[in-house]
Every structure is written in C-alpha cells, then in structure tokens.
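Working notes for the structure below.
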Amino acid sequence: MDLLTMTWQDVGFMHWPVEPEIVGATLPDGLAVDTYDGRAWLSVVPFQMADIRPRGSPIGRSFGELNLRTYVVADGTPGVYFYNLDADDRLSVTLARQLFQLSYYRASMQIRADGDSVEFQSRRTSSRAPPADFHATYGPTGPPETPEPDSLESFLVERYRFYAASDDGTVYYADIDHEPWPLQEGQADIETNGLFAASGFDRPDGDPLVHYCDEIPVTAGRLRRLRDAAPGH
C-alpha cells in the first residue's frame, strides 16, 4: 500500500564508476554490490522533493535533498543504497532520525532553476556527521528518452527499492513506484563536492556520467526492516 506521494523535480544524476571492492567494504550485512560490466558505481543526486505528503493529506512539504548512493542487491532484489540523505527540512530529518535512526542530515540548501540550468548549493549543518558541502550547476543536453532495458542508464536509474542503514547497523528498505524515467543526457559543472570524503571515499577519477530529469511523480510504501543488526553492532 502506498504511504506517500511526491514529485521529484530538477533531478541531477552524477555517476562515477569504481572498483566493486571499494563499495563492498562499506556495505552493511545483507547487502551485496551490484555491478554493470564488472564495475560498481557511486552517484551524487541533487533534486527537489516537491509536495511530499501522506496519501490523502491536503498538505504537503517541499524541500531540497542531496544524496550519495550506490547500487546493491538484497535477497535477489536490486536497489539503491544510501550513504547519506541531506535535506533542507528540519521536520523530515527529525522524524526520519527519531523513528528509524536513518542517515538523514540537516543541511542548508539553495536551488535556483533558470531555463535548462539548475544551480544547487548545499552545506551540511548537522553535527551528527562530517561536514559536506556541495555546489554544482547542471542541466540537460538532449531530449527525454526512456532508458533501454539492460542498458547502463537503466541499471543506474530504473530501481524501485531503496535501502538504508540505521546508526546501529539495522538495514531498512522501502519500495517506490513511478513511470519509467524520462531521462535526458546532461552536463554538470561541479564546483564543490564534499560528499565522498564525508562518507570515507576518495574522489573517483574522471568526470561523471551525467543525466537529468525535469520531474517525475512518485509513490512510496512504508519503511520495512530487512533484518536486525548483526551481533556486535
């Protein structure tokens, strides 16, 4: 049953290939690295979370969100694993941390959209995690297209489950639903990106593969526990 409805807007995807061992060493118990042609990927994704609300609620909230993610499989189901979710909304961050101890962090964000260009600035203000500043301007360079099945683009974006770990190592997941991504080739000018260092990664070599989406309506189910934390956590 869908719990939340929302629209993701001005979505930027910035993807870097990395060795699977780099990602595998960071994953909690129960998650395995998912690869494409032998490579794992780390992605930075800035966007606007617009009109998020419980289904049937007349009132929604809108705010900026920024995450660092990778691609995983658990019990045969592919998904996205979040290392962090920075958000410019005190209430949402507080609820996510209090109810589930998820890795949401408060951040101050400024988002300016001008035609096909989006400038996204974020400065983490939470004391629960290392500082993480991000500043990039990104946008589309091609028309919207649905990713071909089995393509790299499909591997990176057509995922309908996300995983995240609480502070004690418990892994949670939730399923989402939306139409196939109307994905556009994109470009990004990244001035500052502190997300890798804040999560213990060296910055990957080279420029990222960039995609963009103007907006997509999304529904999400409730958060569920994949399994309890392993002994010793």
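None of these values were measured; they are calculated from a predicted model.
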Euclidean distance, [Y] [atom2] relative to [X] [atom1], rounded to 0.5 Å:
X	Y	atom1	atom2	answer
Asp150	Glu158	CG	CD	12.0 Å
Thr70	Tyr81	OG1	OH	10.0 Å
Glu19	Arg39	CD	CZ	9.0 Å
Met109	His135	CE	NE2	13.0 Å
Gln121	Leu66	CD	CG	12.0 Å
Thr146	Glu153	OG1	CD	12.0 Å

TODO: Fit a plane to each ring of Tyr138 and Phe120, take the angle between them on a 0 to 90° scale, and name the class: parallel (under 30°), tilted (30 to 60°) or perpendicular (over 60°).
DONE: tilted

Task: Mutual orientation of the aromatic rings belonging to Trp181 and Phe13 [parallel < 30°, tilted 30-60°, perpendicular > 60°] - done: perpendicular

Open item on the list: Could you go through Glu65 and Leu85, starting from their C-alpha distance and side-chain angles, then the distance that decides it, and tell me whether this counts as side chain to side chain contact (heavy atoms under 4.5 Å, CB included)?
Closed with: CA-CA 7 Å; Glu65 184 168 314; Leu85 302 113; 3.4 Å; yes

Task: Check: Phe155 ring centroid to Tyr71 ring centroid under 6.0 Å - done: yes

Open item on the list: Using side chain to side chain contact (heavy atoms under 4.5 Å, CB included), reason through Leu68 and Val45 one step at a time and then give a plain yes or no.
Closed with: CA-CA 7 Å; Leu68 174 64; Val45 183; over 6 Å; no

Using every non-hydrogen atom in the two residues, find where [X] and [Y] come nearest and quote the distance to one decimal.
X	Y	answer
Thr35	Ala40	CG2-N, 4.1 Å
Ala188	Val210	CB-CG2, 3.9 Å
Ile52	Leu4	CD1-CD1, 4.2 Å
Arg124	Ala198	NH1-CB, 3.9 Å
Ile111	Gly64	CD1-CA, 3.7 Å
Leu226	Ala74	CD2-CB, 4.0 Å

Flag the pair [X] / [Y] as yes when at least one side-chain heavy-atom distance between them is below 4.5 Å, and no otherwise.
X	Y	value
Arg159	Pro78	yes
Ser151	Leu156	no
Pro46	Met14	yes
Val218	Thr5	no
Thr219	Ile176	no
Cys213	Trp8	no
Thr141	Asp116	no
Phe134	Thr192	no

Looking only at atom types and distance, does a side-chain atom of [X] sit under 3.5 Å from a main-chain N or O of [Y], one as donor and one as acceptor?
X	Y	result
Thr125	Arg106	yes
Asn193	Leu195	yes
Ser126	Arg128	yes
Gln184	Gly142	yes
Arg69	Phe82	no
Thr26	Val23	yes
Trp16	Trp41	no
Tyr163	Val80	no

Task: Pair Asp114 + Arg112: basic N to acidic O under 4.0 Å - done: no

Task: Salt-bridge criterion met for Asp175 and Arg161 (N-O under 4.0 Å) - done: yes

Task: Stepwise side-chain hydrogen bond (donor to acceptor under 3.5 Å, both in side chains) test for Thr170 and Asp168 - done: CA-CA 6 Å; Thr170 304; Asp168 69 359; 2.8 Å; yes

Open item on the list: Would you say that more than 12 heavy atoms from the other residues, nucleotides or ligands in this model lie under 6.0 Å from the CD of Glu185, or not?
Closed with: no

Open item on the list: Counting neighbours of CG on Asp51 that are heavy atoms of other residues, nucleotides or ligands and sit closer than 6.0 Å, is the number greater than 12?
Closed with: yes

TODO: Take Tyr83 and Asn67 through the side-chain hydrogen bond (donor to acceptor under 3.5 Å, both in side chains) test and state the conclusion after the steps.
DONE: CA-CA 7 Å; Tyr83 290 102; Asn67 63 65; over 6 Å; no

Task: Full working for side chain to side chain contact (heavy atoms under 4.5 Å, CB included) between Val11 and Tyr212 - done: CA-CA 6 Å; Val11 186; Tyr212 173 83; 5.9 Å; no

TODO: Could you pull out all residues at least two apart from Arg61 that satisfy side chain to side chain donor-acceptor pair (under 3.5 Å)?
DONE: Asp89

- [ ] Give the intermediate values and the outcome of side chain to side chain contact (heavy atoms under 4.5 Å, CB included) for residues Ile22 and Phe201.
- [x] CA-CA 8 Å; Ile22 293 174; Phe201 292 106; 3.8 Å; yes

TODO: Treating Ile, Leu, Val, Met, Phe, Trp and Tyr as nodes and any side-chain heavy-atom pair under 4.5 angstrom as an edge, say whether Val73 and Tyr160 lie in one connected cluster.
DONE: no

